[in-house]
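Computed from a prediction, not measured in an experiment: that's the story for all the values here. Whatever order the structure lists them in is the order used to number ligands and atoms, beginning at 1.
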Amino acid sequence: MPAEMVLVLSRVEIAEKVRTLAHRISKDYEGKELCIIGILNGVFIFLADLVREITIPVQIDFVRLASYGSDTTSSGKIRFTKTIELDITDRNVLVVDDIVDAGLTIAYFLEHLKQLNPKSVKVCAFIDKTERRKVHVPIDYAGCVVEHGFLVGYGLDYDEKYRTLPDIYRLKARGEGTHYDHSL
Ligand code: IMP
Ligand code: MG
């Protein structure tokens, strides 16, 4: 582990939380049709694990919403760089993201989804990071709640680095012995 990181969740703990989420989702949507929409890029590892633990048939699609530059703070600007291709009219939709921080990305996407007339919409996020929340977003399924810190690994990146680490780490803040300035 690089010196500038602190372990937050091990791969064993992650797998346990993913299984719990998948069981809840499978139970809640039993006998129903479900479209899962993942928000790229960070979600790809979590989503791959989650859908393999879900025991009901699901359809999967992705969107890509760009909201961050190459830094750790949101630019506040959100735009689609890839939109949905599945027809979700009158379908049950589960939006899946890796981490909800300010909430702006999910809020923007939920607003967009409404116009497509789905039957229902719920949100699943592996990490619900609460301290910087700017808009209220309903998170129906959260893997875990983390108050603050910039996390990497398990799909989460810092400037496109560390996505492939199997465990989740927090980058140490300035003053904790690193050069990263990610003032939260
Ligand atoms: P927000 O909820 O609009 O602030 O945006 C959430 C998105 O910002 C996530 O899907 C991530 O792509 C990114 N993000 C927020 N917090 C972190 C973090 O701690 N590590 C890595 N990416 C993060
Ligand atoms: Mg993301």
Side-chain angles (χ1 to χ4, degrees), residues 1-2 4-11 13-14 17-18 21 36-51 60-84 93-114 121-174 176 178-184:
M1 181 210 316
E4 66 273 21
M5 295 180 185
V6 181
L7 182 69
V8 173
L9 279 177
S10 72
R11 63 199 79 185
E13 292 166 318
I14 292 171
K17 289 181 189 304
V18 171
L21 285 173
I36 290 186
I37 301 180
I39 302 184
L40 293 171
N41 289 340
V43 82
F44 78 107
I45 293 179
F46 169 49
L47 191 116
D49 284 348
L50 184 72
V51 294
I60 301 166
D61 199 357
F62 292 95
V63 284
R64 177 138 197 226
L65 287 151
S67 65
Y68 277 65
S70 57
D71 199 33
T72 57
T73 49
S74 173
S75 66
K77 286 191 198 128
I78 298 164
R79 65 196 163 90
F80 280 98
T81 54
K82 183 212 171 301
T83 190
I84 316 176
V93 173
L94 181 65
V95 177
V96 181
D97 205 352
D98 48 0
I99 184 164
V100 176
D101 183 15
L104 297 169
T105 312
I106 290 275
Y108 178 88
F109 186 50
L110 293 179
E111 212 38 55
H112 172 82
L113 279 183
K114 269 191 207 161
V121 178
K122 284 192 186 181
V123 174
C124 171
F126 188 63
I127 299 165
D128 177 3
K129 194 168 76 177
T130 53
E131 195 180 70
R132 295 201 298 184
R133 193 65 41 82
K134 288 202 178 93
V135 286
H136 171 75
V137 280
I139 303 178
D140 304 279
Y141 305 97
C144 61
V145 178
V146 171
E147 257 184 52
H148 57 82
F150 198 83
L151 307 178
V152 295
Y154 198 58
L156 298 163
D157 73 305
Y158 173 76
D159 203 8
E160 292 304 326
K161 291 195 292 273
Y162 311 126
R163 274 197 206 281
T164 56
L165 296 175
D167 310 289
I168 295 179
Y169 299 88
R170 178 174 63 79
L171 292 184
K172 285 186 187 169
R174 193 175 275 274
E176 280 186 80
T178 172
H179 59 279
Y180 290 114
D181 181 10
H182 48 89
S183 1
L184 296 182

Yes or no on side chain to side chain contact (heavy atoms under 4.5 Å, CB included) for I106 and I39, after CA distance, side-chain angles and deciding distance?
CA-CA 9 Å; I106 290 275; I39 302 184; 3.9 Å; yes
Taking the six-membered ring for Trp, are F80 and F109 parallel (under 30°), tilted (30 to 60°) or perpendicular (over 60°)?
perpendicular
Test of understanding: given a 4.0 Å heavy-atom threshold, classify the contact between D98 and ligand 1 as side chain, backbone, both, or neither.
side chain
For the Mg ion (ligand 2), give me the closest N/O/S atom belonging to D98, just the atom name.
OD1
Can you classify the ring geometry of Y158 versus F150 as parallel (below 30°), tilted (30 to 60°) or perpendicular (above 60°)?
perpendicular
F150, any N or O under 3.5 Å of ligand 1 N or O
no
At under 4.0 Å between heavy atoms, what of R132 touches ligand 1? The answer is neither
N or O pair under 3.5 Å between V152 and ligand 1:
no
Answer yes when D98 and K129 have at least one side-chain N-carboxylate O distance shorter than 4.0 Å, and no when they do not.
no
Between Y154 and the options L165, D167, V18, the side chain to side chain contact (heavy atoms under 4.5 Å, CB included) test singles out V18
Between D97 and ligand 1, which residue portion shows a heavy-atom distance shorter than 4.0 Å: side chain, backbone, both, or neither?
side chain
Check if D157 has a non-hydrogen atom at a distance under 4.0 Å from any atom of ligand 1.
yes
Is there a side chain to side chain contact (heavy atoms under 4.5 Å, CB included) between I127 and L156 once you walk through the steps?
CA-CA 10 Å; I127 299 165; L156 298 163; 3.9 Å; yes
Okay, side chain of R133, backbone of D101: is any donor-acceptor separation there less than 3.5 Å?
yes
For ligand 1, is G103 a contact, meaning one of its heavy atoms is under 4.0 Å away?
yes
What atoms of ligand 1 come closer than 4.0 angstrom to any heavy atom of K129?
16 (N), 17 (C), 18 (C), 19 (O)
By number and element, which atoms of ligand 1 are closer than 4.0 Å to a non-hydrogen atom of G149?
19 (O)
Has K172 got a side-chain atom pairing as donor or acceptor with V6's backbone, closer than 3.5 angstrom?
no
If you measure every N or O of L151 against every N or O of ligand 1, does any of those distances drop under 3.5 Å?
yes
State whether the shortest distance between N or O atoms of L104 and N or O atoms of ligand 1 falls below 3.5 angstrom.
yes
